[in-house]
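Note that the structure is a prediction, hence the values are computed from the model and not measured. Per chain, numbering begins at 1; letters A, B, ... match sequence-line order.
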Amino acid sequence: DAKTTQPNSMESNEEEPVHLPCNHSTISGTDYIHWYRQLPSQGPEYVIHGLTSNVNNRMASMAIAEDRKSSTLILHRATLRDAAVYYCILRDRLNDMRFGAGTRLTVKP
Amino acid sequence: GAVVSQHPSRVICKSGTSVKIECRSLDFQATTMFWYRQFPKQSLMLMATSNEGSKATYEQGVEKDKFLINHASLTLSTLTVTSAHPEDSSFYICSASSRGRKNTEAFFGQGTRLTVV
């Protein structure tokens with residue numbers, strides 16, 4: 001029972017921004033929102049995480065809705081190397097790290 | 001970011017034999033490790049969670065006697081697939097985290113592609 005909902009797939013053009021949405025309407029007040037991505041035949045890699053405020057790092061930004069029921073991962077300039085499956089995860093128990101279906105991002109040159 | 005090394009990256013074994021997969025955290029203390037299985041074009045399925053020094057907690061439907069997990073130290077966890085069969089062929093991935101804290105990121109191994117013939 002995935003706690004997050006993401007579109008199955010999205011397309012983007014190279015060097016354009018990409019906004020990947022995630023709905024998590026049952027989020028609790030202490031859940032952190034994590035994003036990971038998985039390139040083909042590799043283990044997932046960490047992208048970003050946060051609690052309430054929008055966050056930025058060198059890879060991406062994450063915008064969190066005021067009611068925290070949704071978040072958006074923002075890739076400011078998509079490259080071909082950003083083509084991957086992106087997973088939005090809520091960590092709601094100390095030992096919880098479950099994946100939903102994720103969004104497959106295709107980047108067109 | 002931290003490094004998690006998973007070995008081997010690929011393994012082919014005969015049906016009925018056992019295979020051990022190692023997962024090492026190279027530069028931090030992994031108090032919690034997660035093991036996943038991933039079939040083609042599917043998401044990662046959590047198999048078990050292990051805390052250092054404790055028995056692993058298995059997800060429903062995962063046979064603990066078939067998938068033996070050992071997490072004896074803060075830098076090493078192993079998954080042994082016992083009496084492997086072709087249906088166990090899959091991509092196995094480990095992940096390491098510190099003290100299961102949800103406000104810290106988890107780091108993943110490169111994955112092990114197991115083929116049982």
Identify the heavy atoms of [X] and [Y] that sit nearest to each other, and give their distance.
X	Y	answer
A/Y46	B/E105	CD1-CB, 3.2 Å
B/S43	A/A101	CB-CA, 4.2 Å
A/R91	B/F34	NH2-CZ, 3.7 Å
B/F91	A/Q42	CE2-O, 3.8 Å

Would [X] and [Y] show up in the same hydrophobic cluster when neighbours are defined by side-chain heavy atoms closer than 4.5 Å?
X	Y	answer
A/M59	A/W35	yes
B/V11	B/I21	yes
A/L80	A/M10	yes
A/Y36	B/M45	no
B/V81	B/I69	yes

- Item | chain B contacts, top residue of A/G43, A/G50, A/P40 (heavy-atom pairs, under 4.5 Å) | A/G43
- Task: Identify which part of B/L44 has an atom lying under 4.5 Å from any heavy atom of chain A, answering side chain, backbone, both or neither.
- Result: both
- For B/Q38, is it the side chain, the backbone, both, or neither that has a heavy atom closer than 4.5 Å to a heavy atom of chain A? side chain
- Query: Can you check ring-ring contact (aromatic ring centres under 6.0 Å, His included) on A/F99 and B/F108, steps first, answer last?
  - Reply: CA-CA 13 Å; A/F99 285 73; B/F108 290 81; 5.8 Å; yes
- Enclosure of B/R113 CZ (heavy-atom neighbours >12, cutoff 6.0 Å): yes
- Message: Other residues, nucleotides and ligands only: do more than 12 of their heavy atoms fall within 6.0 Å of CG on B/L26?
- Response: yes
- Message: Working to the nearest 0.5 angstrom, can you tell me the gap between B/W35 CH2 and A/M97 CE?
- Response: 15.0 Å
- So A/Q38 and B/I93, side chain to side chain contact (heavy atoms under 4.5 Å, CB included) or not? Walk me through it. CA-CA 11 Å; A/Q38 185 179 26; B/I93 304 167; 3.8 Å; yes
